[in-house]
Amino acid sequence: MTSNKFELIVMMAERLVVQTLVDSLVLYTAEGQLAIFAKHAPLMATLEPGVLQYRRDGITRKLAVSGGFLEVLDNQARVFAFTAESQKK
């Protein structure tokens, strides 16, 4: 059985924000909105300020990011964000 999940790591210079397995990731790059799924092709992109959404086990979570960089490689998405804040409850 193949896994439909991949590892998401969101970090800022001073701290790790998120590290978890996810089903999907949607964010905004300089080229437009981008969706990432398991086994995505290698990719590097510049992030635009906006909302980063990731889905895990049927639940969508959101982070506000102020820009940064995205690297997708070896079934892992690494987001290097200038700032990243989770939704307050």
Name of the residue among V51, L27, V18 meeting side-chain contact (heavy atoms from CB on, under 4.5 Å) with L63: V18

Side-chain H-bond candidate by donor/acceptor type, S24 with R55, under 3.5 Å: no

Flag for R61-S86: side-chain donor and acceptor within less than 3.5 Å: no

Atom pair CD/CG of Q19 and L8 - distance to nearest 0.5 Å: 9.0 Å

V17 with I36, same ILVMFWY side-chain cluster at under 4.5 Å: yes

Heavy-atom side-chain proximity of T46 to L70 below 4.5 angstrom: no

Sub-4.5 Å side-chain heavy-atom contact between L25 and L34: no

Residue pairs, two or more places apart or on separate chains, that pass salt bridge (charged side-chain N to carboxylate O under 4.0 Å, His left out) and touch residues 43-53: none

Apart from V26 itself, residues in the same hydrophobic cluster as defined by side-chain heavy atoms under 4.5 Å: none

Output side-chain donor-acceptor pairs under 3.5 Å for residues 74-83, partner residues at least two apart or in another chain, one line each.
residue, atom, partner, partner atom, Å
N75, OD1, K39, N, 2.5
N75, ND2, K5, O, 3.1
Q76, OE1, R78, NE, 2.8
Q76, OE1, R78, NH2, 2.3
Q76, NE2, E7, OE1, 2.4
R78, NH1, E71, OE1, 2.5
T83, OG1, S66, OG, 2.7

Residue pair V65 / A84: nearest heavy atoms and the distance that separates them: CG1-CB, 4.0 Å

Where Y54 and V22 come nearest, the two heavy atoms and their spacing: CD1-CG1, 3.5 Å

Stepwise side-chain contact (heavy atoms from CB on, under 4.5 Å) check, L21 with F6: CA-CA 5 Å; L21 291 176; F6 62 98; over 6 Å; no

